[in-house]
Every structure is written in C-alpha cells, then in structure tokens.
Amino acid sequence: MHRLLILLLLLSIAACRNDSAPLAENPAPAAPPATPRDAKPVPKFDRDSAYAYVEQQVNFGPRVVNTDAHRQTREWLIEKLKAFGAEVIEQDFEARAFDGTNLRSTNIIARYAPELEDRILLAAHWDTRPFADSDLEDDPNAIVNGADDGASGVGVLLEVARQLGLNTPDIGVDIILLDAEDYGKPSNTNSYALGAQYYAKNVPAPKPRFGILLDMVGARDATFLVEGYSEQYAKDVVRKVWQLGDQMGYGNYYVNARGGTITDDHYFINTIAGIPTIDIINLQQEGGHSFPTHWHTGDDNMDVIDKRTLRAVGQVVLAVVFREAAGTL
Ligand code: AHN
Ligand code: ZN
C-alpha cells in the first residue's frame, strides 16, 4: 500500500515535469504585448486625503458663482493643483445666466504630461447651486453646501492629481474643474453646464481621446447606474469602467443597470467637443427620484459623505489611467 502511494506520487511529479520539460529546450517565448507586469503599478488612492479635500471646499462656504467663497475656492484649487505638479490653465469666461446675471467664471485645467498627444480627460464641477429648489426641501431659505454636488468629485480629482504628481503614468491627463454647472433652471437644460459649454468650444490641444465626469460621487450607499448619454456617446468606456469597478470589488457601487438620462457637463463635451465622455453619477433606483434625496437640499453637507464611496471612485479612476497607459484597460 505504501509503495503504491510512492509510485503514484512519483508518477504525478513526472506528469508535472512533462508539462514544463519541453520549454527548456525551446527558444525563450516572445515577450507578451503589454502585460500588467511591465506596467507601472496603480497608486493607492488615499480616501482620508480625498475626504479632507471635500471638507475644505465645504468650509469655504457655498461656492456660488460671483461670491467670495467662490473666489477663495478658485485660488485654493489653483494653488493645490500647482503644488501637485500640474501645469494649470485658468480658463476665465463670462456667461449669461438664465436670470440675466453675468457669471464671472473659471474652468481650472490641470495638465499632466502636456507634451503627450494621447490624453485622458477627468472632470467635475466645482461651483454649487445658488438655491435649494428640490421638491424634497421644505425650507425656502435652505442653503446648498454642495458636499456631494460638486465638492465630492473635485475632492476625488484633487487626490488623483496628488497621486499623478507622485507617480507618472505613460499617458497625458487633463483634469478639468468646471465652473457654472449648477446655475441653471430646470425648464431649460442649456442653462446648466455653462463652464462645460465654454470648455467644449475651447479645448486646449492635444484633445483628450476620452473622458470621465464625476458628479455626486461621495454619498454613503451611492449607486452609479449607467447614465443615458454615457451609454449613447461612450458605451465602450462605460463597459470598461463598470467591469473594472466590479473586478476591483466595488460592484455594489457600479451597478449594471440603466439610470436616467442627465444633461450634465459630459453632454456638452460629447456633443460639442466630440470627446466620448461618461458620467459617473449617483442615480438611485428606488423612491421614484433618480437623484439622491439630499440633492439640491440643505442636507447636502458632510454628513452624507462616506470615504468608502470616495475611494471606490478614485481608485477606479486611477486604475483606468494607469491601465490605459499600459494598454491593459
Ligand atoms: C439637470 O437637471 C438638467 N441637470 C442636472 C445636472 C446636475 C445638477 N448635476 C448636479 N447638479
Ligand atoms: Zn446640482
């Protein structure tokens, strides 16, 4: 019995050897195309750092265009991005709001490896809504702090920028902090995203090949359903990002179901600039209300922000950049 076991063991070792034996006699196999082994590793996204960047924006006060808080935040964002090693373009413009107000606005463009032709666009809006006009808000004087609606996407991108300053992918990245997104009136979708409309008509060359917009990416229990224009204009990007999110263990956020169609910044980047751009945006399946309940209410403050959500977004964005650079996305 003992001998039989030894014989079986020897046979199985021989079998294993058999598989690998011919390799030694053959010439070395050609190097595979771009393997993850050759690629630069994806840096670790620091969720505490991202959270602090969200909080610092909120501490300035609501970033409503033409206010002091808006001007102070503008200076702070530019200073941070420069400190993180980006080349910063201040894209100043004036836009007429639906109510006639002249909006003195700035898109802040942070460029990494500006000499590279092959580029990825990452965007979020940094202004906040001047009025809490959600149906779910009873208080007509409520103030929108925009912790989620605005600051979350910017906080994630600031941490991405910090990482890009420390680790250089072999691809260009343009981080665009868009202004005057949220001064619109619901009956006129073109009155929103004025910064994106300006950017889309004035894209600094070289033009990015594809883009990712982050909007309301910080709330606890956020779900990123597939937004309609993203699917229409950039379905390959949607598919890759949602698959990656799932592979990385964030499948509870990246839900593979169709959400609403939203006239957000990416709509104009798609239709005017022709850059296929997706929107990672918190769209809820439940309650018959597609946005989260704190949207455009006084409840959009730091209480709704969850570091785990910030990380689920930031870590996937970093993975997209470094994998795309390595040809493994
Ligand atoms: C419209 O309601 C037309 N667009 C919503 C885009 C938005 C507002 N995202 C955040 N706040
Ligand atoms: Zn909003």
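When a ligand or atom number is given, it counts from 1 through the structure's own listing order. Quick caveat: nothing in here was measured; it's all calculated off a predicted structure.
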Q: Have a look at D149 and say which of its N, O or S atoms is nearest the Zn ion (ligand 2).
A: OD2
Q | Heavy-atom side-chain proximity of Q91 to N202 below 4.5 angstrom | A | yes
Q | Fellow cluster residues of Y198, listed by chain then number, with links counted only when side-chain atoms sit under 4.5 Å apart | A | F93
Q. Is the Zn ion (ligand 2) under 2.8 Å from any N, O or S atom of D215?
A. no
Q: State whether a side-chain donor-acceptor pair under 3.5 Å links R129 with H296.
A: yes
Atom pairs and distances, ligand 1 N/O vs protein N/O under 3.5 Å:
from, atom 1, to, atom 2, distance (Å)
ligand 1, 4 (N), T263, O, 3.3
ligand 1, 9 (N), D215, OD2, 2.7
ligand 1, 11 (N), D149, OD1, 3.4
ligand 1, 11 (N), D149, OD2, 3.1
ligand 1, 11 (N), D182, OD1, 3.3
ligand 1, 11 (N), D182, OD2, 3.1
ligand 1, 11 (N), H296, NE2, 3.4

Q | Qualifying residue, where the test is side chain to side chain contact (heavy atoms under 4.5 Å, CB included) with R209 and the options are I171, I275, L121 | A | I171
Q.
Do S49 and E159 pair up side chain to side chain, a donor and an acceptor below 3.5 Å, judged on atom types alone?
A. yes
Q. Does anything in residues 254-275 pair up under side chain to side chain donor-acceptor pair (under 3.5 Å), and if so which pairs, sequence neighbours excluded?
A. E227-H266
Q) Is the distance from the Zn ion (ligand 2) to the nearest N/O/S atom of D182 under 2.8 Å? A) yes
Check: residues 239-246 side-chain donor-acceptor pairs under 3.5 Å, at least two apart:
from, atom 1, to, atom 2, distance (Å)
W242, NE1, F224, O, 3.0
W242, NE1, V255, O, 3.2

